[in-house]
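Let me begin by presenting the structure, written as structure tokens, before commenting on it.
Per chain, numbering begins at 1; letters A, B, ... match sequence-line order. Side-chain atoms are counted along with the backbone in the values below, which use heavy atoms only and exclude waters and symmetry mates.
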Amino acid sequence: MEYNHKDIESRWQQQWKNDKTYSTEIDRERPKFYVLDMFPYPSGAGLHVGHPLGYIASDIYSRYKRLQGFNVLHPMGYDAYGLPAEQYAIQTGQHPEKTTNDNIARYRSQLDKIGFCYDWNREIRTCDPSYYKWTQWAFIQMFNHYYDTEAAKAMPIAKLIEHLDAKGTAGLKAACGKELDITAEQWKAMDEKQKSDTLMNYRIAYLGNTMVNWCPQLGTVLANDEVSDGLSVRGGYPVEQKLMYQWCLRVSAYAQRLLEGLEKVDWTDSLKETQRNWIGRSEGAEMRFKVAGSDLDLEIFTTRADTIFGVTFMVLAPESAYVAQVTTPEQKAAVDEYLATVKHKTERERMIDKKMTGVFTGSYAVNPLTGKNIPIYVSDYVLAGYGKGAIMAVPAHDSRDYAFARAFNLPVIPLIEGADVSEESFDAKEGKMINSDGPELKLNGLDVKDAIATTKKFIEEKGLGRVKVNYRLRDAIFSRQRYWGEPFPVYYKDGVPHMLDMDKLPLMLPEISEYRPTETGEPPLGRAENWCTAEGYPLELNTMPGFAGSSAYYLRYMDPHNDEALVSEEANGYWRQVDLYIGGTEHATGHLIYSRFWNKFLYDLGKVVEDEPFKKLINQGMIQGRTSFVYRVQGTNTFVSHGLKDNYDVQTIRVHIDLVNNDVLNTEEFKKWRPEFENAEFILEDGKYICGYAVEKMSKSMFNVVNPDDIVERYGADTLRLYEMFLGPLEQSKPWDTNGIDGVNRFIKKLWNLFYKGDTCLVDDSEPSAQNLKTLHTLIKKVTADIENFSYNTSVAAFMICVNELAKQNCHSRAVLSQLLVVLAPFAPHVAEELWHSAIGNTTTICDAKWPEWNEDYLKESTVNYPVSFNGKPRFNITVEASTPAPEVQKLALEHESAAKWLEGKTVVKVIVVPGKIVNVVVK
RNA sequence: GCUCGAAUGGUGUAAUGGUAGCCACGAGGGACUUAAAAUCCCUUGGUCAUUGCGACCGUGCGGGUUCGAGUCCCGCUUCGAGCACCA
């Protein structure tokens, strides 16, 4: 029997399917383990070799845990709502559901070929009504709750109404859009619309007028994590700021818990750091500056309360509500003109343009500590979204304020001893304070940190402001002007939004004739006929964003067919949370924040038992493309090999990856690739045409996409699996490079040759030798440790060593080889299963085997070779029994004849023996 | 600018503070073969030596701790990632 991957792999994949080998049920007899992959968006391009990297890693871990006796939940599904399917629908008129289903079918067939142990009974799709029913349900719950900042959890909105009925907003501790001051009488006197508007200020899912990232080309708003450098992440279109009335989720209410929760999870430091940056907690002080000659206060936030004596002016963001209030009639024309010019700039232009612009409002503020009047300016370097859009400017110690002060010729007062502010500001928070003694507060001589604390205390005592924590994390904008997304379970009665009753869910996505926005600019759902409740009330036209469906999918896998709840108490109580989550870092500030928020909300409601959804998280690196190049001599049809190209004036041309093998161009195929290359001629080196290469993103246009199907077809799934792991550390990004795949394929053939020679099965019942056992147990020990550390590349190396050694030892012992197969099974399940049955003769599947334990006794050396060093330089070796005690080794080393030479005329200072390793003699 | 990583042969990489370069790829040489493929064996960090043994230098740079540093500490350089007019 020869190793035939096609036959073996298709046969076993079929059998696993028939036997439902990997289907999982709750089993209280066994400990549970939940391994999850980030489910893919099924794009039209299909899977490329980068996708399976994480899937293979999680598959290995799942199979390993299963062999260790865990009840492993390892599901897969599809994040099926998304922009590409909709864009395609707009262009072709094809229903996005059709496109999506086609893509899913393709993904599934590709995944199946790699031999994953998913429980496909639990498959979910976010666009499936039985699934999005629970996305809609969660939204209704969020609408019906507010965040109690004292209890630090979500509470029913009824409790808030109770409070308003009794005391108005007095003493209300709730996360809100803006601080309201309403008495119980005022509240009770409100009509339904006013009450609704008031409650919106507190609901966790609320309608709000917010600045949104509007993308005209996509015709929709985007969340902050969907925008990068002022461009949309998908498509790269410009994004502008626009005030819109939108559904939002009050994620900001959970900022502190999202931050604290990071302490409890086992994620990489860099990912936690990314989330901490995104949440952006800053401790500071909120202070009020009186506007001279008016009873208006400017409220500002600062983390540098210590610099208050250096405030020489104030600056307002152009969008700030204060601008209109402080602008004097004389300055009105100038201010209006400035606002107009700012308005025409996009967010991106504002960011790129570093030139300081601004205008004086005509008013002055009073520095509460010095009593001095300071001018108030408007400038677009202040962000509207930060606090109230007003800052106190300390040019000496803030580079932006410094630039503005220089541009407008405003005074700069240094506050820190030794700081030279003649050329630039001194931003560091260190040093001793100067110029900071006022009538009441004296800071001179204090350290910056102490000065901050002293000032905070002072302003709090004097009622000038209060200590406050600010977060960068913003509420999530939850409306999209799109068709292909979850419909909101919302209808409007006299302009007031209401939630549908549970028995009306799921609210199904309606059919529409066209997927573009309507002529009147309404979202596509505006085209749906009868898009209203049975009573005739209009339904919401927006749909939910992509992250809605992915925020709780891991809970649904626990109980995917439940029609009564997102997840039953029983299933959630058993599976609890994801023990191991594998996916890319690109979701660090999106999905991984939203789903933590979503989970915490459900936790507050008592619907889930764990506060954090993902206990351990591993980020697999990205697989980049490796683009190959050929070099055409300018003006000819002659191509010169990479090593010789510097002798010519050449044009670099990307060449399709399929035409290149180990950097060698297949010149015949190349000629057929494009008509213009038909008569190409080549200048070869060593008889070959060697291509150059560059590492780029894997994409169709770069001709560097490698499809896993092709690898499976040629080498088999087991080779693909082993090779992807062999490529390097899991968490590292690396280019896809098939240059080493033959080595892995050779390994499998060598493994096969341990069991078969031609048609003869070599396996026998011979007693394993001590050497055999040492080789085997070295492997078991190494692989067990490696899997726990996700160090799969070194495991593959260990397999290669083991098989090479067993071949040299001519080992065919059933006892040894069967254990080798069990250890290999997570990595290369097909070939392991095949040999397990055909050569070892087992009748049960290898999945029912037990992970072997290594025996330390087999690993012990009978003799140990100690290199003996003098002053760190190795001089000779001594060989002693492994059991020889260290003092004895020391004695033998010093008595060795070579030692005598080195010790002549020298004094031994000390002798160090590292057991089993080294003897170091220190001489003087 | 702030934060977090990383840097080792021609390449991907490996090394609980203990003989740096495991395992592969590539390259070179050899065996088998009419020939090729496949397979197997040997060599492969650098320099020098090479009819023996070997010798010296080597983990981005400069210091330090240590009997001993790729690994730990301090200071740089370069690259990558995240955040960023967030006051």
Side-chain angles (χ1 to χ4, degrees), chain A residues 228-229 268-282 284 300-305 307 311 315 317 350-354 356 379-383 385-387 390-394 397-401 403-404 425 427-428 470-474 585-586 588-589 619 621-622 662-664 686 693 722-723 726-729 731-735 737-744 746-747 749-750 753 782 785 791 793-802 804 807 865-874 877 909-924:
Chain A
S228 176
D229 293 331
T268 59
D269 290 338
S270 73
L271 184 63
K272 286 187 190 182
E273 196 60 31
T274 301
Q275 288 215 341
R276 284 192 197 106
N277 283 341
W278 187 260
I279 295 166
R281 180 192 157 103
S282 56
I300 60 102
F301 177 81
T302 181
T303 55
R304 293 297 301 273
T307 59
V311 178
V315 190
R350 268 168 80 162
M351 272 160 55
I352 290 168
D353 191 6
K354 297 275 184 216
M356 280 296 174
S379 173
D380 65 359
Y381 84 86
V382 174
L383 299 182
Y386 188 77
I391 61 145
M392 65 178 212
V394 186
H397 302 290
D398 183 287
S399 54
R400 297 152 299 181
D401 296 345
F404 191 84
S425 62
D427 290 15
N470 216 354
Y471 297 93
R472 204 190 72 93
L473 184 70
R474 293 289 126 87
T585 14
E586 65 271 24
T589 54
N619 290 120
M622 269 225 289
N662 286 358
D663 288 336
V664 178
D686 303 329
Y693 72 90
L722 284 167
Y723 185 60
F726 186 64
L727 222 41
E731 304 188 56
Q732 198 170 300
S733 282
K734 55 232 159 192
D737 178 356
T738 26
N739 285 351
I741 198 165
D742 291 319
V744 172
R746 255 170 237 153
F747 156 74
K749 288 180 185 158
K750 283 183 198 167
N753 292 339
K782 174 85 177 131
S791 174
N793 56 329
T794 53
S795 283
V796 180
F799 283 120
M800 290 177 176
I801 296 169
C802 178
N804 281 340
N865 194 20
Y866 285 91
V868 181
S869 310
F870 287 88
N871 288 353
K873 304 254 181 195
N877 290 314
V909 176
K910 57 178 162 178
V911 183
I912 299 149
V913 180
V914 180
K917 291 283 185 186
I918 198 161
V919 181
N920 203 329
V921 181
V922 186
V923 295
K924 208 159 56 176

Pairwise P distance, B/rU13 and B/rC4 [rounded to whole Å] | 24 Å
Minimum heavy-atom separation for A/A390 to A/V382, with atom names?
-> N-CG1, 4.4 Å
P gap between B/rC41 and B/rC25, integer Å | 12 Å
Selection from B/rG12, B/rU13, B/rA87 that lies nearest to any side-chain heavy atom of A/P729 = B/rU13
Checking all strands, does A/R276 fall into the base, sugar-phosphate, or nothing category for heavy-atom contacts under 4.0 angstrom?
-> nothing
Please state the C1' separation for the pair B/rC53 and B/rC73 - nearest whole angstrom.
-> 41 Å
How long is the span from the OG1 atom in A/T794 to the CZ atom in A/F799, to the nearest 0.5 Å?
-> 10.5 Å
Taking atom C1' in both B/rA37 and B/rG18, what distance in whole Å separates the two?
-> 47 Å
If one requires at least 3 consecutive Watson-Crick or G-U pairs with distances under 3.5 Å, the stems of RNA chain B turn out to be B:1-7 with B:77-83, B:10-12 with B:23-25, B:26-31 with B:39-44, B:45-48 with B:54-57, B:60-64 with B:72-76
Where the side chain of A/T794 is defined as all heavy atoms beyond and including C-beta, which of B/rA87, B/rC25, B/rA15 is the nearest nucleotide?
-> B/rA15
Supply the atom-to-atom distance A/R276 CZ to A/L473 CG, rounded to the nearest 0.5 angstrom.
-> 14.5 Å
Separation of atom CG in A/D427 from atom C1' in B/rC2, rounded to whole Å | 11 Å
Just by modelled atom types, is the A/Y381 backbone N or O under 3.5 Å from a matching donor or acceptor in the A/S379 side chain?
-> yes
Pick the nucleotide of RNA chain B nearest each of A/K750 and A/T274; which residue has the one closer to the 5' end?
-> A/K750
Pairwise C1' distance, B/rG54 and B/rC74 [rounded to whole Å] = 39 Å
Atom CG of A/D742 and atom P of B/rG12: how far apart are they, to the nearest Å?
-> 18 Å
Rounded distance in Å between the P positions of B/rU77 and B/rC61 | 15 Å
Between B/rC25 and A/R746, is there an OP1 or OP2 to side-chain N/O distance shorter than 4.0 Å?
-> yes
Side-chain donor or acceptor of A/R304 under 3.5 Å from a matching atom on the base of B/rA87?
-> no
Phosphate oxygens OP1/OP2 of B/rG80: is one of them under 4.0 Å from a side-chain N or O of A/Q732?
-> no
NA contact type, A/L727, heavy-atom cut-off 4.0 Å: base, sugar-phosphate, or nothing?
-> sugar-phosphate
Closest contact, heavy atoms only, A/Y723 versus A/N739 | OH-N, 4.0 Å
Taking OP1 and OP2 of B/rA81, is either one under 4.0 Å from a side-chain nitrogen or oxygen of A/N277?
-> no
Rounded to whole angstrom, note down the C1' distance from B/rU3 over to B/rC57.
-> 38 Å
Exercise: identify the closest heavy-atom pair between A/A588 and A/L271 = CB-CD1, 3.2 Å
In whole angstroms, the gap separating P of B/rA87 from CD1 of A/I391 amounts to 11 Å
Could you pick out which residue, A/V744 or A/D269, lies toward the 5' side of RNA chain B when each is mapped onto its nearest nucleotide?
-> A/D269
note: A/N619, atom CG; B/rG5, atom C1'; distance rounded to Å ~ 13 Å
Whole-angstrom distance between B/rA31 and B/rA35, as gauged at atom P = 11 Å
What distance do A/T274 atom OG1 and A/I279 atom CD1 have between them, rounded to the nearest 0.5 Å?
-> 11.0 Å
How long is the line joining CE of A/M392 and P of B/rA87, in whole Å?
-> 12 Å
Please report the C-alpha distance between A/V744 and A/M800 in whole Å, then the side-chain angles of each, then the deciding distance to 0.1 Å, and finally whether the side-chain contact (heavy atoms from CB on, under 4.5 Å) criterion is met.
-> CA-CA 8 Å; A/V744 172; A/M800 290 177 176; 4.0 Å; yes
What is the distance, rounded to the nearest whole Å, between atom CH2 of A/W278 and atom C1' of B/rA81?
-> 15 Å
Does A/S282 offer a backbone N or O that forms a donor-acceptor pair with the side chain of A/N470 under 3.5 Å?
-> no
Spacing between A/N804 atom CG and B/rU39 atom P, to the nearest angstrom | 13 Å
So, is B/rG9 syn or anti if syn means the angle is within 90° of 0?
-> syn
Select base, sugar-phosphate, or nothing to describe what A/F747 touches, counting heavy atoms under 4.0 Å on all strands.
-> nothing
To the nearest 0.5 Å, what is the distance between NZ (A/K749) and CG (A/D742)?
-> 8.0 Å
To the side chain of A/S270, which of B/rA87, B/rC4, B/rC22 is closest?
-> B/rC4
Nearest to the side chain of A/Y381 - B/rA87, B/rC25, B/rC23?
-> B/rA87
Of the nucleotides B/rC4, B/rC85, B/rC23, which has the atom closest to the A/L383 side chain?
-> B/rC85
Just checking A/N470: base, sugar-phosphate only, or nothing, at a heavy-atom cut-off of under 4.0 Å?
-> nothing
Would you say a side-chain N or O of A/R472 is under 4.0 Å from OP1 or OP2 of B/rC83?
-> no
Nearest-Å distance for atom pair NE2/C1', residues A/H397 and B/rG1 | 17 Å
Could you tell me whether A/P735 contacts a base, only the sugar-phosphate backbone, or nothing, with contacts defined as non-hydrogen atoms closer than 4.0 Å?
-> nothing
Phosphate OP1/OP2 of B/rG12 contacted by A/N793 side-chain N/O (<4.0 Å) = no
